[in-house]
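Order of appearance sets the numbers: ligands from 1, and atoms from 1 within every ligand.
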Amino acid sequence: MLYSEKVMDHFEHPRNVGELADADGVGQVGNPKCGDIMKMYLKIDGDVITDVKFKTFGCGSAIATSSMATELIKGRTIGEAMGLTNAAVAEALDGLPGYKMHCSVLAEEAIKAALADYYKRQGKPVPDSLKLPCEDEEHGGCCACGH
Ligand code: FES
């Protein structure tokens with residue numbers, strides 16, 4: 001079997017799909033390898049992510065990793081969400097085939113983009129660890145995020 005049972009479960013029954021009209025942070029990223037897009041909505045109270053929803057226009061692995069990522073950060077602190085890596089999301093799904101690992105990057109980046117948006121809305125400086133390549137001037141605005 002190419003995909004783990006967990007990947008198939010999250011692909012067929014993705015958790016936390018949708019939008020949050022009153023989100024405190026919204027992030028959208030695009031995958032430069034395939035053009036797929038993910039949008040992440042966060043509701044944040046104090047330091048805690050109280051709700052999260054996502055929409056993914058993408059492949060099954062992107063949907064499964066987004067779904068798992070939302071479960072992993074819901075109820076967690078901003079710091080914990082910031083430290084979530086795509087490798088950890090893939091591991092929580094009992095792994096992805098190597099050539100699909102790039103799909104899991106979308107979830108990590110969408111969370112970071114949504115947290116960065118939250119900091120901006122709060123009028124606070126965005127921590128370096130949340131900056132995506134396109135916001136890095138050295139990078140000349142190359143775009144992994146669909147902005
Ligand atoms: Fe595009 Fe998986 S093929 S995210």
Side-chain angles (χ1 to χ4, degrees), residues 1-44 48-121 126-147:
M1 179 82 174
L2 188 55
Y3 293 107
S4 73
E5 277 178 28
K6 279 192 192 166
V7 171
M8 291 309 294
D9 180 34
H10 278 263
F11 168 55
E12 284 171 2
H13 311 284
R15 326 306 197 247
N16 304 309
V17 173
E19 302 178 23
L20 291 174
D22 57 348
D24 297 304
V26 180
Q28 180 172 314
V29 293
N31 192 322
K33 294 207 177 187
C34 60
D36 289 350
I37 294 169
M38 182 179 302
K39 200 163 182 181
M40 190 75 73
Y41 301 79
L42 301 178
K43 188 86 195 130
I44 296 173
V48 175
I49 296 168
T50 55
D51 204 4
V52 48
K53 293 256 191 272
F54 80 92
K55 286 203 300 198
T56 293
F57 178 80
C59 72
S61 299
I63 290 167
T65 46
S66 323
S67 168
M68 178 54 90
T70 60
E71 291 220 304
L72 290 173
I73 64 167
K74 201 169 179 176
R76 300 296 174 87
T77 64
I78 292 175
E80 286 171 323
M82 234 184 245
L84 185 68
T85 63
N86 69 307
V89 178
E91 199 180 309
L93 286 166
D94 293 336
L96 280 173
Y99 73 99
K100 297 301 279 182
M101 275 305 283
H102 75 92
C103 312
S104 65
V105 174
L106 270 183
E108 178 188 327
E109 291 196 341
I111 291 169
K112 288 190 169 152
L115 287 172
D117 182 51
Y118 168 73
Y119 277 92
K120 279 183 203 153
R121 291 189 197 198
V126 178
D128 282 347
S129 61
L130 292 178
K131 288 185 180 152
L132 294 171
C134 70
E135 291 176 291
D136 183 344
E137 278 168 24
E138 272 177 37
H139 239 263
C142 87
C143 216
C145 72
H147 287 162

Pairs involving residues 19-28, ordered by first then second residue, that meet salt bridge (charged side-chain N to carboxylate O under 4.0 Å, His left out) (sequence neighbours left out): Glu19-Lys55, Asp22-Lys43, Asp24-Lys43
Asn16 versus Thr70, side-chain donor and acceptor atoms under 3.5 Å: yes
Of all pairs that satisfy side-chain hydrogen bond (donor to acceptor under 3.5 Å, both in side chains), the ones with a partner from residues 32-42, not counting sequence neighbours: none
Arg76 atom CZ, neighbour heavy-atom count above 12 within 6.0 Å: no
Partner residues of Lys74 under the salt bridge (Lys or Arg N to Asp or Glu O under 4.0 Å) criterion, sequence neighbours left out: Asp51
Ligand 1 contacted by Lys100 (non-hydrogen, < 4.0 Å): yes
Qualifying residue, where the test is side chain to side chain donor-acceptor pair (under 3.5 Å) with Ser104 and the options are Asn86, Thr85, Thr65: Asn86
For atom 1 (Fe) of ligand 1, every protein N/O/S atom that sits closer than 2.8 Å, waters excluded: Cys34 SG, Asp36 OD2
